[in-house]
Colleague: 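Just dropping this structure here.
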Amino acid sequence: MDYFLQQFINGLTLGGVYALVALGYTMVYGIIQLINFAHGEIFAAGGYMGVILLSFLAAHGLMETSPWLCLGLSMVLSMGYCAMLAMAVEKIAYKPLRHSSRLSVLLSALGMSIFLQNGLMLTQGVYDKAYPIGFTSGGFDIGTLHINYMQVIILGLTTALLLALNTLVYKTRIGKAMRATAQDKVMSALVGINSNRVIAVTFAIGAALAAAAGIMVGLYYGSVRYDMGFVPGIKAFAAAVLGGIGNITGAMIGGLIIGMVEIMAAAYIPHGGEYKDVFAFVILILVLYFMPTGIMGENVDDTRV
Amino acid sequence: MTRESRKFWLTLVIGLVWFLLLLWPLLGIKDDGTLTFAPAFAVWIRVAVTVIILACIYFAKQQGWLDPVLHPAAKAAGEVQKALLAPPLWIYVILGAAFAFAFPWLFSRYAQDIAVSVLIYITLGLGLNVVVGLCGLLDLGYIAFYGVGAYTYALLSLHYGLSFWLSLPVAATFAAIAGCIIGYPTLRMRGDYLAIVTLGFGEIIRIVLNNWMSLTNGPNGLLGIDAPAVLVPNFTHGFTLELFFMKKLQYLYYIALALAVVAIIAVRRLNFSRIGRAWEAIREDETAAELMGVNTFRFKLLAYAMGAVFGGLAGAFFSARMRFVSPESFTFIESALVLSMVVLGGMGSIPGIMLGAFALIALPEFFREFELYRMLAFGGAMTLMMLFRPAGLIPAKRMGKRSDDED
């Protein structure tokens, strides 16, 4: 039972991260029906910005005096950076193609993903880059259960970001504009919503969430790598599809399910650890085969396939 | 300056500043706590100058300032094209075939090595072209079939000593079966979902190859695969037939050439057959095709299987050439490479794919000092291609727009 609870916490942690990345996919898909392939790379860029900023702060000795402040600062800056990056990607690779075939947009996204990944490799090197500090060492025990600080950070921050996103989407003007654009682009443009701006903001928000996830994953595993975005990107997409793409609540649930399945499979199935990456793909295929609109239902206009 | 032109330059300047802001943190913030500007600025200034020059040319063209130069140039190009098209096509085909046949005598070992790679990729590109170019099913896991073919021959050769020639059809069959296995559950999906699911399948096959230690020896790969062999008569002791292993690159070149030629002829014949027309109908409008009596289920499955056959053949040749296989060779990036070949050259167009394979495999060899930037350039080229020439360098003659693409 303790073992199970421990794995449960691990699954929750991992699932929270997938959920954050999945939100970026789901929001973008909800509005412009595009799989933003470059999203995984933005997640990686977020992780890298975390390393760069934390190393910089650590070199100035700020890390010992106020680690939480440093973490907060680098997280905010990295989220801002990734938002800018995503807006640039959107402007270059997606905006000019808004009215061309979906195959073109998908290929353009794929090109952007390869471009960004190699850009990261060229500027940061091919080897793993280690985080200067980890929050994984400390922690507290509940009975025999051990929860480290990193898991607390991930769970706490994920919840906070999800609540913030929920407020943004359902309580603010821009959120209303986003929902309206997702429902009917032409109609919302007619009532005076600047759809280009809404799309840019959506990309920026999704990227900021991915950047936060990138830093947390980097801290959790202690290092980042230029190609770290690919597999989590696909898994997060699987999470978004599982929950019903375009559906924000669905993406969170989907992320938690994927994270949980992965951890449980690694813990309980023989050789499960070696094949852990397969499970997300298998879930993706099964969901698309049996429930093409996901668990929570697809939240995009149903004239599309 | 008109309003539009002012907007054009303003956007450009904002873009460049934005790019500097994105570039600087990556190059300028160091682990030891220093801030530097020189490396980021050095990269930035090169990009900025290139972009401004390109923008000037584009702007001048938009404004019509280049017309006096471009008009005669376009006219001359048109005349050259007309002159080139005057002799019948078979003359070019014969010239091309003669050149391809004489290639190993004309060029060095190094050039032959590249040529073999280009030929394998032409075969792969043509196989993927059946799926993507003709049938319009975006497949991001195509390299899995290449892997299936490669491992089939590797295992048959290692465990049963089966010859390359017997293994070729087996590898093709296994790849076709894999194609059907992947194709069957994905047939109900379209567009984006299909792309991501095929990607998932490709990854699954790679992970299985990587972890099934008892069969594939995992990440270490399989060593000691036989080269293709032929029986040659030997007259030293009367008349005997001896096994002769074609290990020399020259012989491998001819096998690769034969595979590529078979692929070219087969894909061409398929394209102009009833099956090819049905695929094109599915590509243009699946619903309409189905209403007109095309069995979309069977034809889409067939497209997957046919595409996979070429992947399998190329894979078997790959393991015979390298005499070594490991899962490293079948990553997603290889799929993306073959796909960008098809896209860059022109989907559905055979000369286009040959050009694409040449551009992506042979050209980087001439710029070896820029080796590191190769994938960066691929990515960039893929995006730019979609922006400026979505149909590719040599577009297929018959290409339409899917009805569900309409916005």
Side-chain angles (χ1 to χ4, degrees), chain A residues 29 33-35 48-49 52-53 55-56 58-60 81 84-85 88 91-93 96-108 110-124 132 230-231 234 237-238 241 271 274-275 277-278 280-282 284-285 288-289 292 304-305, chain B residues 15 18-19 21-23 25-27 29-35 43 132 136 138 140 185-186 188-193 195-197 199-201 203-204 207-208 210-211 332-333 336 339-340 343 347 372-387 390 401-402 404-405 407:
Chain A
Y29 199 94
Q33 280 79 43
L34 155 78
I35 298 178
Y48 264 108
M49 279 323 282
I52 292 170
L53 292 166
S55 307
F56 179 77
H60 284 281
Y81 177 84
M84 277 181 64
L85 183 62
K91 177 90 179 164
I92 295 168
L97 289 169
R98 207 152 285 161
H99 297 287
S100 45
S101 88
R102 298 181 73 174
L103 188 66
S104 308
V105 192
L106 203 64
L107 289 168
S108 166
L110 195 60
M112 222 47 217
S113 157
I114 297 174
F115 183 84
L116 289 179
Q117 193 184 93
N118 283 275
L120 271 182
M121 188 192 81
L122 288 172
T123 54
Q124 300 297 316
F230 176 63
V231 172
I234 302 301
F237 182 78
V241 170
H271 295 290
E274 292 157 28
Y275 291 96
D277 289 344
V278 168
F281 299 129
V282 172
L284 177 72
I285 292 161
L288 283 177
Y289 190 63
R304 291 184 181 275
V305 181
Chain B
W18 198 285
F19 176 61
L21 284 177
L22 288 177
L23 188 67
L26 289 175
L27 288 170
I29 307 179
K30 295 281 175 214
D31 291 352
D32 53 9
T34 51
L35 296 177
V43 176
V132 183
L138 186 52
L140 293 181
T186 57
R188 297 198 311 183
M189 301 162 197
R190 287 187 192 177
D192 308 341
Y193 283 163
I196 207 99
V197 166
L199 195 164
F201 265 120
E203 279 297 293
I204 290 177
I207 295 169
V208 169
N210 211 3
N211 287 306
F332 168 68
I333 215 75
L339 183 67
S340 49
V343 172
M347 269 182 282
L372 273 176
Y373 303 96
R374 185 170 139 165
M375 289 311 289
L376 190 80
F378 277 161
M382 218 155 143
T383 297
L384 288 179
M385 226 36 213
M386 286 301 116
L387 297 182
K401 207 177 168 200
R402 281 186 74 110
D404 53 330
D405 285 338
D407 214 353

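What's counted below: heavy atoms across the whole structure, side chains too, no hydrogens, waters or symmetry copies. Proteins come first, then strands; the chains are lettered A, B, ... in the order of their sequence lines, and each starts at number 1.
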Colleague: Hey, could you give me the CG/CG distance between B:L376 and A:L116, rounded to the nearest 0.5 Å?
Modeller: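 B:L376 atom CG to A:L116 atom CG measures 9.0 Å (nearest 0.5 Å).
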Colleague: Starting at CD1 of A:I285, measure out to CD1 of B:I204 and round the result to the nearest 0.5 Å.
Modeller: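 Answer for the CD1-CD1 pair, A:I285 versus B:I204, is 4.0 Å.
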Colleague: Counting only heavy atoms closer than 4.5 Å, note whether B:D31 contacts chain A via side chain, backbone, both or neither.
Modeller: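 Looking at B:D31, backbone and side chain both touch chain A.
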Colleague: Of all of B:L23, B:L384, B:I29, B:L22, which one pairs up most often with chain A through heavy atoms under 4.5 Å apart?
Modeller: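 Option with the top pair count is B:L22.
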Colleague: Name all residues meeting the side chain to side chain contact (heavy atoms under 4.5 Å, CB included) criterion together with B:I207; count only those two or more places apart in sequence or in a different chain, and write none if there are none.
Modeller: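 Testing B:I207 for side chain to side chain contact (heavy atoms under 4.5 Å, CB included), a comparison that skips the adjacent residues, returns A:Y275, A:D277, A:V278, A:F281, B:N211.
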Colleague: Would you give the length of the straight line joining atom CE of A:M84 to atom CZ of B:F19, rounded to the nearest 0.5 angstrom?
Modeller: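 These two atoms lie 11.5 Å from each other.
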Colleague: Do you know which of B:G380, B:P390, B:A377, B:G15 has the most heavy-atom pairs with chain A at a distance under 4.5 angstrom?
Modeller: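 If we count pairs closer than 4.5 Å to chain A, B:G380 comes out on top.
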Colleague: Measure the OH-CD1 distance between B:Y193 and A:I35 for me, rounded to the nearest 0.5 Å.
Modeller: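 The CD1 atom of A:I35 is 7.5 Å from OH of B:Y193, to the nearest 0.5 Å.
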Colleague: Decide yes or no on side-chain contact (heavy atoms from CB on, under 4.5 Å) for A:F230 and B:I333, but give the supporting numbers first.
Modeller: CA-CA 10 Å; A:F230 176 63; B:I333 215 75; over 6 Å; no
Colleague: If we only count heavy atoms from C-beta on, is the A:V231 to B:F332 side-chain gap below 4.5 Å?
Modeller: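 Counting from C-beta outward, A:V231 and B:F332 never come under 4.5 Å.
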Colleague: Quick one: what part of B:T34 sits under 4.5 Å from any heavy atom of chain A, side chain, backbone, both or neither?
Modeller: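 The backbone, not the side chain.
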Colleague: Hey, could you give me the OG1/CD1 distance between B:T383 and A:I114, rounded to the nearest 0.5 Å?
Modeller: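 With rounding to 0.5 Å, OG1 (B:T383) is 8.5 Å from CD1 (A:I114).
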Colleague: For A:L120, which atoms come within 4.5 Å of any heavy atom of chain B: side chain, backbone, both, or neither?
Modeller: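 For A:L120, the side chain is the part near chain B, not the backbone.
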Colleague: Begin with the C-alpha distance, continue with both residues' side-chain angles, and end with the deciding distance and a verdict on side-chain contact (heavy atoms from CB on, under 4.5 Å) for B:I196 and A:V241.
Modeller: CA-CA 10 Å; B:I196 207 99; A:V241 170; 5.5 Å; no
Colleague: Heavy-atom distances under 4.5 Å only: say whether B:V43 touches chain A with side chain, backbone, both or neither.
Modeller: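 It is neither, since no heavy atom gets under 4.5 Å.
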Colleague: Examine whether an atom of A:F237 lies under 4.5 Å from a heavy atom of chain B, and if so say whether it belongs to the side chain, the backbone or both; otherwise answer neither.
Modeller: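 For A:F237, the contact with chain B is made by the side chain alone.
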Colleague: Which atoms of A:L107 are under 4.5 Å from chain B, going by heavy atoms: the side chain, the backbone, both sets, or neither?
Modeller: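 Both parts, heavy atoms under 4.5 Å.
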Colleague: Mind checking side-chain hydrogen bond (donor to acceptor under 3.5 Å, both in side chains) for A:T123 and listing every partner two or more places apart, or none if nothing turns up?
Modeller: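 Testing A:T123 for side-chain hydrogen bond (donor to acceptor under 3.5 Å, both in side chains), a comparison that skips the adjacent residues, returns none.
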Colleague: For a quick test of reading the model, state the closest non-hydrogen atom pair linking A:Y81 to B:P25 and the distance between them.
Modeller: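 It is CE1-CG, 3.7 Å.
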Colleague: side-chain contact (heavy atoms from CB on, under 4.5 Å) for A:L97 and B:M386? Distances and angles first, verdict last.
Modeller: CA-CA 8 Å; A:L97 289 169; B:M386 286 301 116; 4.1 Å; yes
Colleague: When rounded to the nearest 0.5 angstrom, what is the spacing between CG in B:L26 and CG in A:L85?
Modeller: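 These two atoms lie 8.5 Å from each other.
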